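Written below as structure tokens is the structure these notes are about.
Keep in mind that the numbers below use all heavy atoms, side chains included, and drop hydrogens, waters and symmetry copies. Proteins come first, then strands; the chains are lettered A, B, ... in the order of their sequence lines, and each starts at number 1. Remember, it's a predicted structure, so these values are computed and weren't measured experimentally.
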2 protein chains.
Amino acid sequence: MATNKPRRKEFLDVLVALRQIIRATDLHSKHVMKVCGLTVPQLVVLLAIEELGAVTVREISRHVSLSQATVTTILNRLEERGFIIRTRNANDKRVVNSRLTDKGREVLINTPPLLDDHFMQSYEMLGQHERGKILSSLQKVACLMASDDVDPRPPTMGRIITADDEPSEQLYEYGHQSNEDA
Amino acid sequence: MATNKPRRKEFLDVLVALRQIIRATDLHSKHVMKVCGLTVPQLVVLLAIEELGAVTVREISRHVSLSQATVTTILNRLEERGFIIRTRNANDKRVVNSRLTDKGREVLINTPPLLDDHFMQSYEMLGQHERGKILSSLQKVACLMASDDVDPRPPTMGRIITADDEPSEQLYEYGHQSNEDA
DNA sequence: ATCAAATGTTTTGAACTGTAACTATCACTT
DNA sequence: AAGTGATAGTTACAGTTCAAAACATTTGAT
């Protein structure tokens with residue numbers, strides 16, 4: 001337990017790296033916006049709806065790691081532009097289910113990559129070991145940061161539509177499950 | 001062999017981790033705001049000014065990895081609240097130099113940590129090897145992402161304000177200095 | 001000296017983001 | 001049935017963020 005104390009500088013390095021990553025991510029989102037008319041957050045939400053079918057706001061917000069309010073504003077834009085429709089659930093009128101329209105489904109066909117092109121290329125060339133190191137580090141950081149804030153998670157009782165809501169592990173998977181409700 | 005091609009899922013994992021990190025960072029910033037009245041970006045800018053002395057907007061923006069426009073809006077808020085003052089440079093009236101006020105210097109004394117408490121604690125307990133892995137991974141990611149957006153700026157060659165940019169004590173005179181640059 | 005290009009900052013417009021306050025609805029108790 | 005508390009979603013507000021356009025000023029060329 002000797003050299004265990006990171007100096008101030010080490011934290012600063014972490015901070016700087018994080019800020020650069022955040023900035024690059026944001027820049028990429030703006031770039032995607034110019035190319036395809038949708039930002040990365042919008043696409044992420046759209047993909048979540050594609051994957052989950054008729055889905056509640058809360059489920060989306062958990063799935064994409066955004067607050068409910070944020071998801072609402074994103075859904076507003078998506079609905080305005082005709083990529084999704086929202087319908088109140090008949091069983092529980094508090095609930096709003098969002099689904100893709102044809103237009104929304106179509107726009108997803110040509111989805112540009114959600115990560116920076118250059119990053120993806122370089123990342124692919126890295127060799128499995130290195131990639132694993134990076135991914136696990138990112139997840140570790142995410143995890144360490146999240147745990148402070150963990151627990152927006154009341155005992156779920158999947159009543160309305162939900163199947164199960166696993167927070168981690170494979171978030172996006174291309175399976176399909178039609179989960180229609182009357 | 002040659003499982004070298006990361007599957008779509010691997011990129012998604014990266015994306016998800018990144019989004020969680022970004023979110024956590026933002027949450028922490030909001031938290032800091034509630035505690036000390038300044039957001040993390042505001043503090044970062046303030047710290048940059050503390051470090052660099054009377055400094056231009058462009059220099060700040062490079063130092064903190066934010067666009068000039070963003071720095072300007074942050075400076076607006078900081079000036080409004082009396083933490084800094086901006087003065088136009090006499091030599092070149094396009095240039096604006098920002099410096100701390102006493103109030104600004106004072107508020108920095110009790111700066112809360114710019115990284116999440118819980119994260120810092122856990123990070124400290126990690127052992128040097130693990131920490132190194134994480135830091136280098138973050139830097140790698142930052143680097144891979146940044147290169148797309150290559151810095152349109154060669155290393156600062158101090159034109160207006162003196163040259164050597166030692167990150168330590170400020171010995172900046174914004175007087176003149178014109179020759180140089182043989 | 002004057003006009004044009006370059007440079008430094010600010011403004012504008014649009015999006016993301018979260019908390020807190022608010023509405024509507026449901027579930028459960030009395 | 002009425003009331004209370006929990007839950008789902010939206011709105012209001014404040015802050016960050018960037019690109020692009022608008023300004024202001026300086027520098028270089030004619």
Check residues 33-43 of chain A and write down every donor-acceptor pair under 3.5 Å in which the side-chain atom is one partner and the other belongs to a residue at least two apart or another chain.
| unit_1 | atom_1 | unit_2 | atom_2 | d |
| --- | --- | --- | --- | --- |
| A:T39 | OG1 | A:Q42 | N | 3.3 |
| A:Q42 | OE1 | A:T39 | N | 3.1 |

Under 4.0 Å, counting only non-hydrogen atoms across every strand here, what does A:S67 touch: a base, just sugar-phosphate, or nothing?
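Base contact.
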Under 4.0 angstrom, heavy atoms only, what part of the nucleic acid is A:T72 near: base, sugar-phosphate, or nothing?
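Here A:T72 touches the bases of the nucleic acid.
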What residues, two or more places apart in sequence or in another chain, satisfy salt bridge (Lys or Arg N to Asp or Glu O under 4.0 Å) together with [X]?
X      : answer
A:R105 : A:D102
B:R77  : none
B:K103 : none
B:K93  : none

More than 12 heavy atoms from other groups under 6.0 Å of CD on B:E106:
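No, because the 6.0 Å sphere around CD of B:E106 holds 12 heavy atoms or fewer from other groups.
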Could you tell me how far apart [X] ([atom1]) and [N] ([atom2]) are, to the nearest whole angstrom?
X     : N      : atom1 : atom2 : answer
B:N97 : C:dT10 : CG    : P     : 11 Å
B:L66 : C:dG8  : CG    : P     : 18 Å
A:H28 : C:dA15 : NE2   : C1'   : 16 Å
B:I60 : D:dC18 : CD1   : P     : 14 Å
A:M33 : D:dT17 : CE    : C1'   : 13 Å
A:I22 : D:dC18 : CD1   : P     : 11 Å
A:Q20 : D:dT17 : CD    : P     : 14 Å
B:L38 : D:dA14 : CG    : C1'   : 14 Å

By nearest nucleotide on DNA chain D, pick out whichever of A:V71 and B:T70 is the more 5' one.
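Per heavy-atom nearest nucleotide, the more 5' residue is A:V71.
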Validation row: A:I109, A:V107 side chains within 4.5 angstrom (heavy atoms):
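A side-chain contact under 4.5 Å is absent here.
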Evaluate the side-chain proximity of A:V96 to A:N89: yes if any heavy-atom separation is below 4.5 Å, no if none is.
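Side chain of A:N89 against side chain of A:V96, heavy atoms only: no contact under 4.5 Å found.
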What's the closest nucleotide to the side chain of A:V57 if the choices are D:dT17, C:dT19, D:dT10?
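When the side chain of A:V57 is considered, D:dT10 is the closest of D:dT17, C:dT19, D:dT10.
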Measure from the side-chain heavy atoms of B:V95 and tell me the nearest of D:dT16, D:dG9, C:dG8.
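Between D:dT16, D:dG9, C:dG8, the one nearest the side chain of B:V95 would be C:dG8.
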Report the residues that fulfil side chain to side chain donor-acceptor pair (under 3.5 Å) with [X], sequence neighbours left out, ordered by chain and then residue number.
X     : result
A:E79 : A:R86
A:T70 : A:S67
A:T87 : A:R99

Has [X] got a side-chain N or O lying under 4.0 Å from the OP1 or OP2 atom of [N]?
X     : N      : result
A:S29 : C:dC16 : no
A:Q42 : C:dC16 : yes
B:K30 : D:dA14 : no
A:R23 : D:dT17 : no
B:Q68 : D:dT17 : no
B:K34 : C:dA20 : yes

Nearest nucleotide by nearest heavy atom, which residue falls closer to the 5' end of DNA chain C, A:D26 or A:A69?
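The answer here is A:D26.
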By side-chain contact (heavy atoms from CB on, under 4.5 Å), which residues pair with B:Q68, not counting sequence neighbours?
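side-chain contact (heavy atoms from CB on, under 4.5 Å) check on B:Q68 returns B:V57, B:R58, B:S61.
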Please give the angle, rounded to 10 degrees, between the axes at the start and the end of the helix from C:dA1-D:dT30 to C:dT30-D:dA1, where five pairs define each axis.
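The helix from C:dA1-D:dT30 to C:dT30-D:dA1 shows an end-to-end axis angle of 10°.
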Specify the residues of residues 73-87 of chain A, ordered by number, for which at least one heavy atom lies under 4.0 angstrom from an atom of DNA chain D.
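Those residues are A:N76, A:R86.
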Give a yes-or-no answer on whether the side chains of B:E10 and A:Y123 include a donor-acceptor pair shorter than 3.5 Å.
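Yes, because at least one side-chain N or O of B:E10 sits under 3.5 Å from a partner of the opposite role on A:Y123.
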Which pairs, protein N/O on one side and nucleotides 22-25 of chain C N/O on the other, fall under 3.5 Å?
| unit_1 | atom_1 | unit_2 | atom_2 | d |
| --- | --- | --- | --- | --- |
| C:dT25 | O3' | A:K93 | N | 3.4 |
| C:dT25 | O2 | A:R94 | NH1 | 3.4 |

